[in-house]
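Below is one structure, written out as structure tokens; comments come after it.
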Number of protein chains: 2
Amino acid sequence: MGMGRPREFDAEMALDQAMEVFWRHGYEGATIAQLTEAMGINPPSLYACFGNKEGLLKAALDRYTKLRGVWMDEVIAAPTARAVAERMLMGIADKQTDPANPPGCLLVQGGIACGTGSENVPFELAARRAQNEDQLRDRFVRAKAEGDLKESADPAALARYVSAVSVGMGVMASSGADREALRQVADVAVQAVAAQSADRT
Amino acid sequence: MGMGRPREFDAEMALDQAMEVFWRHGYEGATIAQLTEAMGINPPSLYACFGNKEGLLKAALDRYTKLRGVWMDEVIAAPTARAVAERMLMGIADKQTDPANPPGCLLVQGGIACGTGSENVPFELAARRAQNEDQLRDRFVRAKAEGDLKESADPAALARYVSAVSVGMGVMASSGADREALRQVADVAVQAVAAQSADRT
DNA sequence: CCACATCTGTAGTGAACACTACATATCTGG
DNA sequence: CCAGATATGTAGTGTTCACTACAGATGTGG
């Protein structure tokens with residue numbers, strides 16, 4: 001019993017290309033023809049490796065969140081809640097306007113509303129965004145315990161807020177907002193977190 | 001030269017139904033079959049009245065922005081920049097979770113990323129969102145002139161910020177966030193505007 | 001070198017899509 | 001009551017979609 005013919009393409013490189021297509025056109029807007037061309041393979045290879053279109057999206061999302069996870073850890077490592085928010089939102093302003101990638105965020109561009117048969121896609125993307133929010137919330141819980149945030153502060157609400165601003169910035173980036181515009185938004189947004197911080201001397 | 005057979009359906013009522021379908025499934029996710037069924041008409045009537053699918057979307061957007069314009073005027077009429085932000089974001093928290101409509105905002109759900117041939121749709125939606133932002137900016141310019149906002153405040157940045165938060169809240173609503181969660185976000189978000197306000201006594 | 005397993009490219013599959021031809025129905029103006 | 005004009009319902013049109021059957025290629029284990 002042999003092991004069969006080996007794969008001729010690099011799965012991770014192909015995923016990077018697929019990620020970009022989903023990022024630019026959304027799940028429903030991306031066609032298998034576009035995906036296979038970008039990935040440099042033919043449909044049967046795609047289906048053998050990823051199952052179907054939705055499987056490919058999930059694999060691309062896994063790769064995306066893995067890459068972003070590294071950066072997110074740096075964000076969480078900031079010393080204060082305010083610094084976390086600032087590092088996160090300013091970083092997002094830069095990332096979402098990085099010409100190396102399509103504008104905006106894959107977790108938003110992937111698909112906010114989908115047609116019948118793809119209802120699962122927006123749900124999947126929301127779940128990934130929620131993971132980020134949970135990380136932030138845990139960090140803000142710690143900040144409160146450390147006395148870095150006011151007693152009246154609600155860590156979950158703050159995390160939801162920062163997450164909401166991130167999403168809004170992503171949509172703006174995808175519709176043409178430049179880096180400076182996003183930084184201005186981030187700058188204003190951080191002040192709300194600062195207002196929840198103790199010792200604002 | 002007669003005037004021809006009169007239309008048997010009410011265009012505005014039909015538009016309301018079409019609006020809901022686009023709102024729930026997005027432009028690309030909505031099919032002509034779904035639209036005609038919701039509108040209670042057959043395809044030829046749709047095309048005779050609205051030209052094509054994109055024409056129908058634009059008509060639905062016109063109706064949506066017209067309805068929202070009334071509410072927006074009330075928001076703008078609030079006495080201070082802070083009150084404007086509060087009225088806007090709290091109102092949005094309620095509207096985006098109103099069970100009478102699909103969750104979120106049509107200007108976001110309509111389509112953030114689209115496939116080849118529909119690139120115009122995200123652009124169209126962005127233009128409508130920009131109109132809202134312009135209204136806010138003008139109001140904040142006035143607030144600054146009135147001494148309601150600090151000298152250092154940037155009205156355009158504040159307007160972009162409020163607009164970004166609105167969009168983020170819409171995405172959250174569409175992925176299941178409840179009214180209370182959105183109100184918490186709005187509550188935090190308003191504090192950033194408050195931080196730009198003068199006379200915070 | 002042979003049986004077996006997996007990948008690859010060609011060339012399609014049926015289904016769903018946006019959109020429309022056409023015959024018929026219903027109005028206005030004369 | 002007739003001629004012109006527009007709306008409607010039926011029943012399609014061609015195109016594009018996600019997905020796959022199949023045959024040939026390329027590997028491993030015996």
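Because only heavy atoms are used, hydrogens play no part in the values below, and waters and symmetry mates are left out as well, while side chains stay in. Note on naming: letters A, B, ... go to the chains in the order of the sequence lines (proteins, then strands), and numbering restarts at 1 for each one.
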Point to revise | OP1 or OP2 of C:dT8 under 4.0 Å from side-chain N/O of A:S45 | key: yes
Enumerate the protein-to-nucleotides 15-18 of chain D contacts in which both atoms are nitrogen or oxygen and the separation is below 3.5 Å.
from   : atom 1 : to    : atom 2 : distance (Å)
D:dA18 : OP1    : A:A30 : O      : 3.1
D:dA18 : OP1    : A:K53 : NZ     : 2.9
D:dA18 : OP2    : A:I32 : N      : 2.8

Exercise for review: Take the protein atom CG of A:L57 and the nucleotide atom P of D:dC19, then report the distance between them rounded to whole Å.
Suggested key: 12 Å
Practice item. Kindly state which residues belonging to residues 5-25 of chain B come within less than 4.0 angstrom of DNA chain D, counting heavy atoms of the residue only, listed by number. Key: B:R5, B:P6, B:R7, B:E8, B:F9
**Study point:** salt bridge (Lys or Arg N to Asp or Glu O under 4.0 Å) contacts touching residues 99-109 of chain A (sequence neighbours left out)
**Key:** none
Check your understanding: To the nearest angstrom, how far is B:L46 atom CG from C:dC17 atom P?
Key -> 15 Å
Check your understanding: Quick one: side chain to side chain contact (heavy atoms under 4.5 Å, CB included) partners of A:A159, sequence neighbours excluded?
Key -> A:E133, A:L136, A:R137, A:F140
Point to revise | cation_pi(B:R24, B:F22) dist<6.0 Å, angle<=45 | key: no
Practice item. Between B:P43 and A:G51, just flag the one whose closest nucleotide in DNA chain D comes earlier from the 5' side. Key: B:P43
Practice item. Round to a whole Å and report the spacing from CG of B:N42 to C1' of C:dA25. Key: 14 Å
**Study point:** Gap between atoms CE and C1', on B:M39 and D:dA7 respectively (whole Å)
**Key:** 14 Å
Revision key, fill the gap. Note: for A:P44 and B:P44 on DNA chain C, the residue whose nearest nucleotide lies more 5' is A:P44
List the atom pairs, with distances to 0.1 Å, where a side-chain N or O of residues 70-82 of chain B and a protein N or O form a donor-acceptor pair under 3.5 Å, not counting sequence neighbours.
from  : atom 1 : to    : atom 2 : distance (Å)
B:T80 : OG1    : B:A83 : N      : 3.0

Check your understanding: For the pair made of CD in B:E37 and C1' in C:dC17, what is the distance, rounded to whole Å?
Key -> 16 Å
Exercise for review: Go through the steps for B:Y161 and B:Q196 under the test side chain to side chain contact (heavy atoms under 4.5 Å, CB included), then give the verdict.
Suggested key: CA-CA 12 Å; B:Y161 164 75; B:Q196 296 289 331; over 6 Å; no
**Study point:** Pair A:D62 + A:R128: basic N to acidic O under 4.0 Å
**Key:** yes
Check your understanding: Relative to each other, are the rings of A:W23 and A:Y64 parallel, tilted or perpendicular (30° and 60° limits)?
Key -> perpendicular
Practice item. Applying side chain to side chain contact (heavy atoms under 4.5 Å, CB included), name anything that partners B:S166, two or more places apart in sequence or on another chain. Key: B:M88, B:L89, B:I92, B:V162
Check your understanding: Whole-Å distance between D:dT20 C1' and A:F50 CZ?
Key -> 18 Å
Check your understanding: Should we count CD of A:E37 as having more than 12 external heavy atoms under 6.0 Å?
Key -> no
